[in-house]
Amino acid sequence: MSRRILFLAFLTVFLLAAAVGAETAPDPTGAATLKADPGKAVDYVWILLCGFLVMFMQAGFACVESGFCRAKNVTNLMTKNLMDFVVGSLAFWALGYGILLGTDWNGLIGTSKFFLAGDSYDVETYLSFFWQMVFAATAATIVSGAVAERLKFNAYLVYSVVVTLFIYPVYAHWVWGSGWLSKLPFGLGHLDFAGSGVVHAVGGFVGLAGAIVLGPRFGKLGKDGKPKAIPGHSISLAALGTFILWFGWFGFNPGSTFNAHHLRISVIAVNTTLCASAASLTALLLVLGRTKKYDLGMALNGALAGLVAVTAPCAWIASWAAVIIGIVAGFVVVGGVYFLDSLKIDDPVGAVSVHGFNGVWGLLAVGIFADGTYGNYADKAPFVQGLLFGGGAGQLISQLIGIVVVIAWAFGCGFILFKALDAIIGIRVDPHEELQGLDIVEHGTPGYPEFYIPRT
Amino acid sequence: MSRRILFLAFLTVFLLAAAVGAETAPDPTGAATLKADPGKAVDYVWILLCGFLVMFMQAGFACVESGFCRAKNVTNLMTKNLMDFVVGSLAFWALGYGILLGTDWNGLIGTSKFFLAGDSYDVETYLSFFWQMVFAATAATIVSGAVAERLKFNAYLVYSVVVTLFIYPVYAHWVWGSGWLSKLPFGLGHLDFAGSGVVHAVGGFVGLAGAIVLGPRFGKLGKDGKPKAIPGHSISLAALGTFILWFGWFGFNPGSTFNAHHLRISVIAVNTTLCASAASLTALLLVLGRTKKYDLGMALNGALAGLVAVTAPCAWIASWAAVIIGIVAGFVVVGGVYFLDSLKIDDPVGAVSVHGFNGVWGLLAVGIFADGTYGNYADKAPFVQGLLFGGGAGQLISQLIGIVVVIAWAFGCGFILFKALDAIIGIRVDPHEELQGLDIVEHGTPGYPEFYIPRT
Amino acid sequence: MSRRILFLAFLTVFLLAAAVGAETAPDPTGAATLKADPGKAVDYVWILLCGFLVMFMQAGFACVESGFCRAKNVTNLMTKNLMDFVVGSLAFWALGYGILLGTDWNGLIGTSKFFLAGDSYDVETYLSFFWQMVFAATAATIVSGAVAERLKFNAYLVYSVVVTLFIYPVYAHWVWGSGWLSKLPFGLGHLDFAGSGVVHAVGGFVGLAGAIVLGPRFGKLGKDGKPKAIPGHSISLAALGTFILWFGWFGFNPGSTFNAHHLRISVIAVNTTLCASAASLTALLLVLGRTKKYDLGMALNGALAGLVAVTAPCAWIASWAAVIIGIVAGFVVVGGVYFLDSLKIDDPVGAVSVHGFNGVWGLLAVGIFADGTYGNYADKAPFVQGLLFGGGAGQLISQLIGIVVVIAWAFGCGFILFKALDAIIGIRVDPHEELQGLDIVEHGTPGYPEFYIPRT
């Protein structure tokens, strides 16, 4: 039923596109664009290759989430991680991109470029779409970790569409699409270089809403009501996924200059690495202090936390600030995990702490550490200045406003979405299905049919 | 015996190369080439990095094929996927490249540049060789999926050499080496932008021949003679492999401009993504309609099917056409799998449907959807026009001729090759070896020696 | 205890950096650097993307080492492979980079640019740091394979710091930092294009020292005192890791021009591939001759051996020489493995043969096969000439001196380091811990908790 509607909607979308696709278009060939600016060739190479790296992060998320969850749900998690990109890219093509970067309406929403139709058949627009699409898909895929092992698949499909088609692009429009947050009268307006807030906090807080609405997995709370760790089925898969994510992040952050002629990209690459390293080491040492064990899971999440935290400030800070931001990120992710546990909120892979809380920390860090050496996606003045570098509290205020807004928007939309879905189709699988694992129930395909896995 | 011959052949090859390698050469340093065209630096960066991505697809194929097959054959499949690249790159260096891009003889075959010797010691030739080599290796590796779990390893080595040294380069010469297919007097001649036909249909139809000559695996046909699904041993490996392939395809398609100054590369990247997404979603929904399950295997193969189908037309179409081509590709791959099953042809990983059938569909799509905005590897006129865009039937006729030729050539050569090999050395392992698994028999190394895998 | 010291050291490091980070700096923005040379944009894109590929090799090493070892140590190996990059990048940022490329003091050591502070806040310096950092981390991670399955984790952390902060950068300074080896009065001085010696031999011989000091694993030597093979737990993981390494090596070698305007990069990419292929095939055939089995482990190590061997000469040779160097590399790696076995030195993943012995072979090959078509990181004369190409014995002598030095330095430092660590904190885990596996003991996290793995 809902499938038929989905399919019909999908059909309508492309027929509509076909109808309008025949209009004349500025420069689909690219020759005129290149003639106007021969330096574009390098920019295209840079942006596309970085975009490919960002797309590859989908593999990283898939591996991390699968590895940190149980073998009985691995098919389900892999399908989700594939389909959020699949459905997300189509939804973003249909409407999301236009909402993000179409003609601005009152600072609230974009209103053109849907289906890349008409004038959008242009190399510049396609390039911009490609870049924004892989970012939108990242925001969508972050959620799947927080709602893992108990969310129904059809609910997942619907939520993926809603995130990439509405929740993400609207907020992204406010920050990156000349929207109202970008025009706050403090500092240079709310700034988020590569998306600590736009991508990660949005994904993280929608995920938090999902985790709360769903409630904890069976077995997460012991008989005493205290949360227990549910170990993941494959540490090697989770570790490989983290390496892939780190690799992909080199596209995410440096590529966000959207311009190869800003040599600042070298600074961004260095900051990205050092912040991740500092956060990972800090997280490892913090858990070591508590448990006397070198906890790989926390070290992996620490690295990701550092990557998330540096995503907003990476272009505006020096290496030593990246290290400090990373150390704090290590505390934030470890503290976040314990904090959610204390609230009995079950986030199987730590997505909320990694992406939500550290996304917020990254936004804040811009207002503190931005050192006046790089502008607003520009290698010339006005440069971004934080509290420690003569910027006064202005930039920090813009950052704080953005933080309040992103939490309210993402958590609010997410909460309404999951509550509504729950009322309409029910979002949680049946108890016996959850115990059996989603692979059999929803997919008919166990992840490792030949291996002997004693059932508990 | 055959090993000794192989080794001697190999030795001869490099001694020959050493003998002729001392000739003078145009520009091995690269300084003169750069001086003549300073824009070459960007092109080299683009082509090489895209080529690296294409090479990385080998990892994707290895993971997909291994994941979709049983644990008892994983060492065998990994060895095959490694060695087809190893043997293929050497064979292609020795003869294949010269046959593809050496001086044309009557539109049929290339006749120079063997061993990259003599005048070929030139940065331009090496660049071209690198690009063509990773493509040749891709064609070779596609076959391994169709003949998995029952082909002898020495037969595999021989076939890999024959594909990369003869079957692939001859056909590729016809299309990409100024051969006769490229000069058909309809439309702009037979066109295949990045190789739906040259790479994928060739691999797929050689694979079909292999699957037919080998016959189905033990257990594939039930007692009632009906085909049964044999589940793969690791869904996570197969899914990871698909993500890697998708990632690598961004080198395969956009890189095929072989020129970073065609900003059309952004359009190609977008089309590649959207077609894969549309095909994956379609395949998922089609199987859902039949089985009420969200089938990950088909969704993965759907994504690959879309990637294959868009490979030929990707440079000549708009995004909406990519979506339509993808939807059709989803039908083709699902239908293809059921069709082969009905013929009792055992293609363990669906390679024939993904690469063969969708390769053909991609070639056809050029003749229908090419919209006159991009030329024959050129950003200027004459532009490629299909049936729907004022091109009349001309381009479509060229495409249909190419389709007939590629099927006849690949299937014909493949059939003769596997039949001949079967007569000479026997290509199928013994029944008890197949039951035990090829890992022990051929390699002496089980894939997962510590895990308990109940034998069926 | 030692953890607290580590943490305090770490804290001091960044406070120091913060203190000096406020100085003025040449060009943190990048605009001036670009204006002075607009071609820099392509160079930055090339160097950064290649650097990302090199970083991704960390994932490859992690997978290869984990796959070749037992399931009970997979968490340990993944943690080590993550933390050597984490700790290594921070240590290299603090001191290592300055020692390598800071102001030279008597050809022995660099003395500035610590913490990237002060004048180092410059896009050029950050770019150089990023590149050197991923190389330093590679040297560190090579060791982990040789000392796998028995080294204590805290000893591993200390050794990672010492390698990236002292052993590696000092030797690298001698070769790449205008140090004394680069100024030897024979040929053009000691040459090592991308680090067969600087990275791989250093890592390999430090690893050899570690393997000797640690002694073999329990079960490695049979009751008769003869070494037995201990199979790895996941062939697919090891194979995937090798593909990732090969992929990453395309950044390692071609990227080492550190300049996209040397079109010689195409030659380097081809040589890298062909040498790896020739070595892999040779290793496969050699073992086939002995055991009648197609040994995947040796084919994988063969490919890596070829990659290591071609790393030093890749820029200075033609394709046929790459094939010959690869064939020899195949013999070296197979011979090396048997040789170490005969000495009862236990190198679980073959790291010493792959990186140490073939690193040395690569250095030697420069002195033999360099053919006078490319200079010392320059596309103009003086070109590098080996024995076979009119260079006389000069270059070969410089290479031989470098070989003696790298073995003495790396093995010597490594031996002292591991002996000292053993005396102070003990470097080998307790026997019962080794039998139980390091995952439980050191990390509290088994790698695959749900799978049934019969204990032997």
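Residue numbers start from 1 in every chain, and the chains themselves are labelled A, B, ... in the order their sequence lines are given, proteins ahead of strands.
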Interface moiety of [X] toward chain C, non-hydrogen atoms closer than 4.5 Å:
{"X": "A:Phe250", "answer": "both"}
{"X": "A:Leu53", "answer": "side chain"}
{"X": "A:Phe52", "answer": "neither"}

Is [X] close to chain A through its backbone or its side chain, or both, or neither, when contacts mean heavy atoms under 4.5 Å?
{"X": "C:Phe129", "value": "side chain"}
{"X": "C:Leu438", "value": "neither"}
{"X": "C:Leu48", "value": "side chain"}
{"X": "C:Thr33", "value": "both"}
{"X": "C:Ala31", "value": "both"}

Practice prompt. Might you point out which heavy atoms bring A:Phe243 and C:Ala62 nearest each other, and give the distance in Å?
Written response: CE1-CB, 3.7 Å
Discussion item. If you compare all heavy atoms of C:Pro449 against all heavy atoms of A:Pro231, which two are closest, and at what distance to 0.1 Å?
Written reply: CG-CB, 3.9 Å
Worksheet item: Using a cut-off of under 4.5 Å for heavy-atom pairs, which of A:Asp371, A:Leu388, A:Asn271, A:Val287 has the most such pairs with chain C?
Response: A:Asp371
Rounded to the nearest 0.5 Å, what separates atom [atom1] in [X] from atom [atom2] in [Y]?
{"X": "A:Leu284", "Y": "C:Thr79", "atom1": "CG", "atom2": "OG1", "result": "8.0 Å"}
{"X": "C:Gln58", "Y": "A:Trp246", "atom1": "CD", "atom2": "CH2", "result": "8.5 Å"}
{"X": "C:Phe115", "Y": "A:Trp320", "atom1": "CZ", "atom2": "CH2", "result": "13.5 Å"}
{"X": "A:Ser236", "Y": "C:Leu237", "atom1": "OG", "atom2": "CG", "result": "5.0 Å"}
{"X": "C:Glu442", "Y": "A:Leu296", "atom1": "CD", "atom2": "CG", "result": "12.5 Å"}
{"X": "C:Tyr448", "Y": "A:Tyr448", "atom1": "OH", "atom2": "OH", "result": "9.0 Å"}

Return the option, out of [options], with the maximum number of heavy-atom pairs under 4.5 Å with chain A.
{"options": "C:Gly241, C:Ser128, C:Ser234, C:Ser89", "answer": "C:Ser89"}
{"options": "C:Phe85, C:Phe56, C:Trp131, C:Phe130", "answer": "C:Phe56"}
{"options": "C:Leu127, C:Ile244, C:Val42, C:Leu34", "answer": "C:Leu34"}
{"options": "C:Leu82, C:Val134, C:Leu116", "answer": "C:Leu82"}
{"options": "C:Gly88, C:Gly444, C:Ala41", "answer": "C:Ala41"}

Practice prompt. Output, in order, the C-alpha distance, side-chain angles, deciding distance and verdict of side-chain contact (heavy atoms from CB on, under 4.5 Å) for A:Asp295 and C:His443.
Written response: CA-CA 5 Å; A:Asp295 189 86; C:His443 308 277; over 6 Å; no
Discussion item. Could you check whether any side-chain N or O of C:Glu450 sits under 3.5 Å from a backbone N or O of A:Ala71, counting only pairs where one atom can act as donor and the other as acceptor?
Written reply: yes
Worksheet item: Does A:Lys293 use its side chain to pair, donor to acceptor, with the backbone of C:Val441 at less than 3.5 Å?
Response: yes
Fill in: A:Val323, A:Thr273, A:Val270 screened by side chain to side chain contact (heavy atoms under 4.5 Å, CB included) with C:Trp93, the one that passes
A:Val323
Worksheet item: With A:Ile235, which of C:Asp439, C:Thr75, C:Leu77 fulfils side chain to side chain contact (heavy atoms under 4.5 Å, CB included)?
Response: C:Thr75
Worksheet item: With sequence neighbours left out, what residues match C:Tyr44 under side chain to side chain donor-acceptor pair (under 3.5 Å)?
Response: C:Glu124
Under 3.5 Å donor-acceptor pairs involving side-chain atoms of residues 259-269 of chain A, not counting sequence neighbours:
{"residue": "A:Asn259", "atom": "OD1", "partner": "A:His261", "partner atom": "N", "Å": "2.6"}
{"residue": "A:Asn259", "atom": "OD1", "partner": "A:His261", "partner atom": "ND1", "Å": "3.4"}
{"residue": "A:His261", "atom": "ND1", "partner": "A:Asp43", "partner atom": "OD1", "Å": "2.9"}
{"residue": "A:His262", "atom": "ND1", "partner": "A:Tyr374", "partner atom": "OH", "Å": "2.6"}
{"residue": "A:Arg264", "atom": "NE", "partner": "A:Ala315", "partner atom": "O", "Å": "2.8"}
{"residue": "A:Arg264", "atom": "NH1", "partner": "A:Thr373", "partner atom": "OG1", "Å": "3.0"}
{"residue": "A:Arg264", "atom": "NH1", "partner": "C:Pro28", "partner atom": "O", "Å": "2.8"}
{"residue": "A:Arg264", "atom": "NH1", "partner": "C:Tyr121", "partner atom": "OH", "Å": "3.4"}
{"residue": "A:Arg264", "atom": "NH2", "partner": "A:Ala315", "partner atom": "O", "Å": "3.1"}
{"residue": "A:Arg264", "atom": "NH2", "partner": "A:Ile317", "partner atom": "O", "Å": "3.3"}
{"residue": "A:Arg264", "atom": "NH2", "partner": "A:Thr373", "partner atom": "OG1", "Å": "3.0"}
{"residue": "A:Arg264", "atom": "NH2", "partner": "C:Tyr121", "partner atom": "OH", "Å": "2.8"}
{"residue": "A:Ser266", "atom": "OG", "partner": "A:Leu263", "partner atom": "O", "Å": "3.4"}
{"residue": "A:Ser266", "atom": "OG", "partner": "C:Val123", "partner atom": "O", "Å": "2.8"}

Worksheet entry | Aromatic plane relationship, C:Phe153 with A:Tyr294 - under 30° parallel, 30 to 60° tilted, over 60° perpendicular | tilted
Discussion item. Would you say that A:Leu240 contacts C:Cys63 through its side chain, given a criterion of any heavy-atom pair below 4.5 Å between the two side chains?
Written reply: yes
